[in-house]
Amino acid sequence: MILFNNNSNKLSQVKEKPFKLEREIQNIFENNLSEIMGLQLVKSEFSIKNKRIDTLAFDKQTQAFIIIEYKRDKNYSVVDQGLTYLNIMLQNRAEFILTYNETLNQLLHSKDVDWTQSRVAFVSPSFTENQISASDFKDLGIELWEIKQFENNIISVNSIKKSNSAQSIKPLLENNESFKEVKENIKVYTEEDHYKNGSDTTIELYEKFKSSLFNLADNIEIVPQKFYIAFKKGSNITDIEMQKKGLKIFINAKYGTINDPRNIAKDVSNIGHRGNGEYQIQIENDNDLEYIMSLIKQIIK
């Protein structure tokens, strides 16, 4: 990506300013963790089992711990290191719970944590093709994030997505006892996992809504979770829960902040629900598709 300043239609390139220290990258992420990744900072420089974790974070949407590591060099294996950290987490769950409760002065129980959603994120100014290819497994809880610094205090952050042809890593771990915990416990959800909860009719209905959501704005991404499929543009815009007879759609906004003249969205602010936001719409057909899109569009920034 090339950045330019536009001064009266005369473009001048914005030059990159390489980071001098990994700590610079770490400070940017830790000070802006909610804005960048939607995570809660638990602890910086967390040590366990002779390993030093750069950043320990918690994802309130998935109820899972996230380990973040920052790198400036390219001479390391993201898969080996990532699997090692995931293994350590799953084998020392009580330590992670204790650190969360002591650092944040809260009461989190192990039963409230979805350990299957544990993951490791690597943050670096760039990754090699080998690193990207090596981590391209659909069920591997390892993420790659690129960060670059430019003149005029400009920062770019980019999450590297898995390819559509990503394979499963489980056959490679089949005979590896060292990563038994990871193989048996880590689960990365896909749209296909949610199709099992639906029917041919609701899957077709979901595809129509998905296509319409993509037309609302650029760079909307799909992030399937355990109980719903999230659509994000930075943070969650809407979540869709697939059912046999229809779809349950949640809009991520506080009740009363969206103009809904037809009153088709239910207030779930005081009702337990799985999706994000306080608006819920239950549908069994696409009759209100355009109207629902007009409601969702109101919260897209």
Side-chain angles (χ1 to χ4, degrees), residues 19-73 76-125 127 131 135 140-149 155 157-160 178-179 181-182 185-188 223 225-226 230 232 234-236 276:
F19 293 101
K20 295 179 181 179
L21 301 170
E22 287 178 4
R23 187 70 204 187
E24 294 178 76
I25 302 174
Q26 184 169 351
N27 287 340
I28 290 171
F29 262 73
E30 289 185 345
N31 289 330
N32 302 278
L33 204 51
S34 177
E35 290 76 10
I36 297 174
M37 301 178 73
L39 303 178
Q40 177 184 32
L41 176 64
V42 177
K43 190 172 184 178
S44 180
E45 308 297 335
F46 173 50
S47 295
I48 184 169
K49 297 295 180 182
N50 298 319
K51 298 287 185 182
R52 183 185 60 78
I53 292 170
D54 291 339
T55 301
L56 177 61
F58 192 76
D59 187 338
K60 288 190 173 182
Q61 288 188 12
T62 61
Q63 288 294 106
F65 284 101
I66 315 299
I67 291 172
I68 306 175
E69 288 291 303
Y70 309 94
K71 303 291 184 182
R72 283 184 65 248
D73 63 83
Y76 64 98
S77 169
V78 293
V79 174
D80 289 346
Q81 189 172 352
L83 288 173
T84 297
Y85 278 130
L86 285 172
N87 219 41
I88 288 174
M89 185 191 300
L90 295 171
Q91 291 176 347
N92 300 275
R93 303 180 190 194
E95 290 294 326
F96 284 80
I97 295 290
L98 180 63
T99 299
Y100 181 97
N101 290 336
E102 287 185 344
T103 305
L104 302 180
N105 194 26
Q106 296 185 25
L107 188 59
L108 179 70
H109 297 283
S110 184
K111 64 180 177 60
D112 298 324
V113 178
D114 186 354
W115 298 99
T116 69
Q117 294 291 280
S118 305
R119 62 188 195 269
V120 176
F122 290 97
V123 181
S124 174
F127 294 94
Q131 288 171 324
S135 62
L140 178 63
I142 295 177
E143 301 176 355
L144 304 183
W145 291 72
E146 284 188 339
I147 178 171
K148 293 185 184 296
Q149 179 176 245
I155 298 289
V157 179
N158 175 47
S159 173
I160 297 176
S178 300
F179 299 125
E181 291 278 355
V182 175
N185 289 283
I186 297 298
K187 169 67 176 176
V188 177
V223 184
Q225 307 288 359
K226 187 173 185 177
K232 294 188 173 186
S235 59
N236 282 42
N276 294 276

Exercise. How far does CG of Leu83 sit from CD1 of Ile142, to the nearest 0.5 angstrom?
Worked result: 4.5 Å

Exercise. Any sub-3.5 Å donor-acceptor pair from Asp112's side-chain atoms to Leu108's backbone N or O?
Worked result: no

Problem set entry | Val157 vs Val123 side-chain heavy atoms within contact, under 4.5 Å | no

For this session: Show the numbers, then the answer: is there a side-chain contact (heavy atoms from CB on, under 4.5 Å) between Phe127 and Ile160?
Result: CA-CA 10 Å; Phe127 294 94; Ile160 297 176; 3.8 Å; yes

For this session: Identify the heavy atoms of Ile186 and Ser118 that sit nearest to each other, and give their distance.
Result: CD1-O, 3.7 Å

For this session: Work out which heavy atom in Ile36 is nearest to a heavy atom in Ile28; give both atom names and the distance.
Result: CD1-O, 4.2 Å

Exercise. Can you find a pair of side-chain heavy atoms, one from Gln63 and one from Phe58, that are under 4.5 Å apart?
Worked result: yes

For this session: Mind running side-chain contact (heavy atoms from CB on, under 4.5 Å) on Ile25 and Arg72 for me, showing each step along the way?
Result: CA-CA 9 Å; Ile25 302 174; Arg72 283 184 65 248; 4.2 Å; yes

Exercise. Is the closest side-chain donor-acceptor distance between Gln61 and Asn236 under 3.5 Å?
Worked result: yes

Problem set entry | Side chain to side chain, Ile147 and Ile155, heavy atoms closer than 4.5 Å | yes

Problem set entry | Tyr85 vs Gln81 side-chain heavy atoms within contact, under 4.5 Å | yes

Problem set entry | Nearest-0.5 Å distance, CG of residue Asn27 to CG of residue Asn32 | 10.0 Å

For this session: Decide yes or no for Lys226 and Lys187: does some side-chain heavy atom of the first lie under 4.5 Å from some side-chain heavy atom of the second?
Result: no

Seminar exercise, completed: Residues Asp54 and Gln26: closest non-hydrogen pair is O-NE2, 3.0 Å

Exercise. More than 12 non-hydrogen atoms from neighbouring residues, nucleotides or ligands closer than 6.0 Å to CG on Asn105, yes or no?
Worked result: no

Problem set entry | Side-chain touch Lys71/Val78, heavy atoms, less than 4.5 angstrom | no

Exercise. Any idea which heavy atoms bring Val120 and Gly82 closest together, and the distance?
Worked result: CG2-O, 3.7 Å

Problem set entry | Side-chain donor/acceptor of Glu146 to backbone N/O of Asn158, under 3.5 Å | no

For this session: Nearest 0.5 Å please: distance from the CG atom of Leu86 over to the CD1 atom of Ile67.
Result: 6.5 Å

Exercise. Does the side chain of Met37 reach to within under 4.5 Å of the side chain of Glu143, using non-hydrogen atoms?
Worked result: yes

Exercise. How about Trp145 and Ile68: do any of their side-chain heavy atoms sit closer than 4.5 Å?
Worked result: no

Exercise. What is the distance from atom NZ of Lys49 to atom CE of Met89, rounded to the nearest 0.5 Å?
Worked result: 15.0 Å

For this session: Give, for atom OG of Ser124 and atom CD of Glu22, the distance between the pair rounded to the nearest 0.5 Å.
Result: 8.0 Å

For this session: First locate atom CD1 of Ile97, then atom CG of Leu107, and finally report the distance between them rounded to the nearest 0.5 Å.
Result: 9.5 Å

Problem set entry | ring-ring contact (aromatic ring centres under 6.0 Å, His included) against Phe46, all qualifying residues, sequence neighbours excluded | Phe96

Problem set entry | Non-hydrogen atoms of Ala64 and Asp114 that approach each other most closely | CB-O, 3.5 Å

For this session: Consider only side-chain N and O atoms of Tyr70 and Glu30, and report whether a donor and an acceptor are under 3.5 Å apart.
Result: no

For this session: Answer yes when Arg23 and Glu45 have at least one side-chain N-carboxylate O distance shorter than 4.0 Å, and no when they do not.
Result: yes

Seminar exercise, completed: side-chain contact (heavy atoms from CB on, under 4.5 Å) with Ile48: of Thr99, Ile53, Leu56, only one passes, and it is Ile53

Exercise. Taking all atoms of both residues into account, what is the closest heavy-atom pair of Ser135 and Leu144, and its distance?
Worked result: OG-CD1, 3.4 Å

Exercise. Does the Asp59 side chain pair with the main chain of Leu39, one donor and one acceptor, at a distance under 3.5 Å?
Worked result: no

